[in-house]
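Atoms considered below: every heavy atom in the structure, side chains included; atoms not considered: hydrogens, waters and symmetry mates. Below, chain A is the first sequence line, B the second, and so on; all start at residue 1.
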Amino acid sequence: MTPDEFIIKWQRSTLKESSAAQEHFCDLCQLLNELTPAAADPTGAFYCFERGAIKTTGGQGWADVWKDGHFGWEYKGKHKDLKAAFVQLHRYAPALNHPPLLIVSDMEQIIIHTAFTGTVPDQYTLTLNDLRDPSKLQLLKWAFSDPEKLRPIDTTAALTERAARQFGEWAEALCQRGHDSAAVAHFSQQLLFCLFAQDIELLPNQLFTRLLENGLKYPAQVEQMLTNLLDTMATGGLFGSEAIDWFNSGLFAEVQPLPLETADLKTLHSFTKLNWSAIEPSIFGTLFERGLDPKQRAQLGAHYTDPNSIMRLVAPVVLMPLRKEWQSVQKEMLQLKTAADAAKSPAVRDKQLTKLRALLTGMLEQLNQFRVLDPACGSGNFLFLALKGLKDLEHEIILAGEQLGLMRAFPTVSPHNVLGIEKNHYAAELARVTVWIGEIQWMLQHGFSLSKNPILKPINIIEQRDAVVNADGSEPEWPTADVIIGNPPFLGGSKKRGLLGDDYFTALETIYAGRVPAGADLVCYWFEKARAQIDIGKARAAGLVSTNSIRGGSNRKVLDQICQTTRIFNAWSDEPWVNDGAAVRVSLISFGEIKTPPVLNDERVAVIYADLTAGSSEIKMDVTTAKQLKENAAVCFMGVSKKGAFDVAGDLARQWLKLPNPHHKSNKLVLRPLCNGIDLTRRNRDVWVIDFGTDMPESEACFYEKPFAYITEEVKPIRQNNNRESYRQYWWRHAEARPGMRAALHNLYRFIATPAVAKYRTFSWLDAIFLADQAALIITRADDSTFGILHSCFHQLWSLKMGTNLGATPRYTPTTTFETFPFPIGLTPADTASNAIETLNSGAIIPSVASEYRAHAIAIAEAAHQLNQLRDHWLNPPEWIDRVPEIVAGYPDRIIAKPEYAAQLKQRTLTNLYNKQPAWLVNAHQQLDQAVAAAYGCSTELSEAEILQQLLQLNLARA
DNA sequence: CATCCGACACACC
DNA sequence: GGTGTGTCGGATG
């Protein structure tokens, strides 16, 4: 068939839809050289006419033609309403497997609507005559063979980001003109809603666009016109000659348009060209929060929390349990249907059908009664996504019921299903709008008309109040709900008082005494309250976002309690989270009374522990039960906490070293090279520190003229403003001078250091003259055996598991990683405490230990010494450097690059070395691991989990 | 007195 | 511009 033949045939045709549709479609297939449905798929399972038609009644199907993964196609008679056909396809899209294209035709026109998820919908209209145009015909051909070719480039996410950025910039300009940011936020939300309402035709005839155009002609009238429009939206009524629906909602309760300039009107007018109906409702929230807060304004238009991340909580907590229930109900319904169809008497049949109806009604009623609470709902995007998920599920159930021949139910899941608590007045306001926009969008996209008068029903879904402390200092009640979701605010324990104020802090302390440690992050109060709600039966489950630090320290207490009174059934332990610029990492935690196997980081596990690690079915290992060991006490220390600029460049220190002092003592006594993490992971920076020790009086310190003058200038002013009496009083000393550490270092000529926060857990030797800064942790031992044990895979694994994180980077914490670590028997810190060390022929240094452990000590020390030497040669190749004696005796030689090797030497850092993982390094570590494994008396073939399990057992046995 | 934390801060490859 | 490491106030035990 040629296009001309097709056109002539169908121009003439006056047949009705029912008689002509299939023939029209078959002709099209011929024209496009495609197989007809029956020829392509005789079973009709993937490509057929009348998909979803109920065979027994011959009733209307979901689509006239359906090709799985391609399109749903609906015909109407000539000049009939194609919009209605489109609405029908939309409504049945879930039953049709969400085809990417929804095509409607009245046999003269063919309209292809794209419906790829997450893209801005597009449409192509083809008239009969267009079929002569090969490029138009190609579109149709793609619909049959390769619908991906029709995927719009613009995603709704991209559209949303673009709109957010543009709108944000515009709002920022308003703020810069001196308008109050809260007023700008409120006004911009009103305008945004107008743009949305216009694009879904709630505001008729492009009314908002025309208003802006008139405004450009009569700038003086703009403010009055806008006031009139917004006022009319608040109450419903006439705007000019146009009838405006009653929108209601507090959004329009307060109308005070800001003065707009011509440029503003032009910008707004350009916004009307965007497709606001396809916008993600969460944009409103993002815009609001960023537009309102001057600190966040720089982020306007930047990233916003990705819906997929939110679904990682909404899915397991809200949707999965309901889906599971629906599956079992559906199974029962299918059995009843089969029984009814097979029934011999109408009475029996009716009885089965009544039961069937009751099951469906029951399921829908359950959905209608379902309540989701977000007690920190912000601008409502969690609630919006929960509502959308519930509506999708309800729709699916309704369609399944219809398929069983039951009468179609009207969807009843609506904003009444979601409850929110939000402290911020405008965010709360906005959350209501966000949820309603989501509702309206969903209804229209699924072919349902909106119920009006008002459009935004006065359901009090969002309460504006504090969720964890009442104004009178008492504990707030949360409404009863089925589940709790949300992303509560994070605020580190020590920042709480400063940001929230003394009264609020005291109230928190009082209300949650014994439940949440006072040093915990603010987010923990939401976790504890959610746990309590579940405990008293006011919720079944909760899914909350938290800082990833909830896995350790005092924050973990709330998870410990959760694991005691209920159960964590789903978690993501450490995920990057969108928060512009900052390296924020979060844990997503779902807990409560939902019977489902636990899933951690998308993998089935046997149990999830409070630190968000898992036990497998073979190895159950809750390392949070590990105890601090006596034999490890007072060996690992954090370096000094200076709290002031006591550090000076090496060259300045050297100048001072040469200067005399009035009391004839050298500055050498108060000047030492400093070591922090960077000195360990990169190269030594040659930074020195003025150190008046732990108890030198000011009267003596001032004899060291230059250093004292320096800190009088640089440190004293700052320290005298410190909140702590002792820091103010002893300003010339380091705030935490670590007397314990200094005592433990006594008589050691070297010690072991490791960076507190570092990508790799490396240990290095430092000459005793070095002073460790707080970001360097030290172990007060000089023997290679201890060094080797710490650098073995045993301690590496343990420290990773037991330590915490600063953002994405592991952090070593003395109490939880070192003091809990069970050293091999006979080689514990208690066993190596004696200073009686012995140097072997190789140069390795072993501690004096009981004779039966001496062989292990030697083997480990040799391997460790070898590792350290290899590493040192790599870090400081003798050919590239000069070793220069320090100007004063008693300091180690300086390592100075030969000029031609300076750049290369700069790259020789421990982090770079471990990034590269050269074979010799891997081998050296393997040798070491073997020696240490022998000391533990275990195989070198153990898996990581097995090593950890053995260490945990050893720890518990010793504790 | 010592340790821990950061909806981070910032220097430097 | 990404990578990697660090400050310092405040709280706890």
Answer with base, sugar-phosphate or nothing: what part of the nucleic acid does [X] contact at a heavy-atom distance below 4.0 Å?
X: A/Asn487; result: base
X: A/Thr804; result: sugar-phosphate
X: A/Pro488; result: base
X: A/Gly740; result: sugar-phosphate
X: A/Ser641; result: nothing
X: A/Pro517; result: nothing
X: A/Asn805; result: sugar-phosphate
X: A/Thr547; result: sugar-phosphate
X: A/Leu806; result: base

Is [X] close enough to [N] that one of its side-chain N or O atoms is under 4.0 Å from OP1 or OP2 there?
X: A/Lys643; N: C/dC8; answer: no
X: A/Asn722; N: C/dC8; answer: no
X: A/Ser554; N: B/dC4; answer: no
X: A/Asn676; N: C/dG6; answer: yes
X: A/Asn915; N: C/dG4; answer: yes

Check: Taking the same atom, C1', in B/dT3 and in B/dA7, what whole-Å distance lies between them?
Finding: 23 Å

Margin query: Roughly how many Å apart are C/dG10 and B/dC10, using the C1' atom of each and rounding to a whole number?
Written below: 22 Å

Check: Which comes earlier along DNA chain C counting from the 5' end, the contact point of A/Val757 or that of A/Arg811, where each point is its nearest nucleotide?
Finding: A/Val757

Checklist line | DNA chain C: 5'-proximal contact among A/Glu509 and A/Ala758 (nearest heavy atom) | finding: A/Ala758

For atom [atom1] of [X] and atom [atom2] of [N], their distance in whole Å:
X: A/Trp526; N: B/dA7; atom1: CH2; atom2: P; value: 14 Å
X: A/Arg682; N: C/dG6; atom1: CZ; atom2: P; value: 8 Å
X: A/Lys495; N: C/dG9; atom1: NZ; atom2: P; value: 13 Å
X: A/Arg742; N: B/dC1; atom1: CZ; atom2: P; value: 13 Å
X: A/Met638; N: B/dC4; atom1: CE; atom2: C1'; value: 6 Å
X: A/Gln907; N: B/dC13; atom1: CD; atom2: P; value: 8 Å
X: A/Phe505; N: C/dA11; atom1: CZ; atom2: C1'; value: 7 Å
X: A/Glu736; N: B/dC1; atom1: CD; atom2: P; value: 8 Å

Under 30°, 30 to 60°, or over 60°: which ring-plane class applies to [X] and [Y], parallel, tilted or perpendicular?
X: A/Phe787; Y: A/Trp765; result: parallel
X: A/Tyr914; Y: A/Tyr760; result: tilted
X: A/His791; Y: A/Phe763; result: perpendicular

Check: Just by distance, with hydrogens left out, do A/Asn548 and A/Asn805 show a side-chain donor and acceptor under 3.5 Å apart?
Finding: no

Note to self: Quiz question: by atom type and distance under 3.5 Å, do the side chains of A/Asn876 and A/Arg683 form a donor-acceptor pair?
What the structure shows: yes

Notebook entry, point to check: Between B/dC4, C/dG9, C/dT7, which one does the side chain of A/Thr815 approach most closely?
Noted result: B/dC4

Check: What's the closest nucleotide to the A/Ala775 side chain, out of C/dG4, C/dT7, C/dG9?
Finding: C/dT7

Margin query: Any non-hydrogen side-chain atom of A/Pro877 less than 4.5 Å from a side-chain atom of A/Arg908?
Written below: yes

Checklist line | Side chains of A/Ser587 and A/Glu575 in contact at under 4.5 Å (non-hydrogen atoms) | finding: no

Check: Within the modelled atom types, does a donor on one side and an acceptor on the other bring the side chain of A/Ser494 and the base of C/dG9 under 3.5 Å apart?
Finding: yes

Next item on the list: Tell me which of A/Arg738 and A/Val586 sits closer to the 5' end of DNA chain B, going by the nucleotide each one is nearest to.
Entry: A/Arg738

Check: Taking for each residue the nucleotide of DNA chain B bearing the nearest heavy atom, is the 5' side occupied by A/Gly492 or by A/Leu777?
Finding: A/Leu777

Item checked: Who pairs with B/dC12 - Watson-Crick or G-U, where each distance is under 3.5 Å -> C/dG2

Notebook entry, point to check: What does C/dT7 pair with, Watson-Crick or G-U, if both distances are under 3.5 Å?
Noted result: none

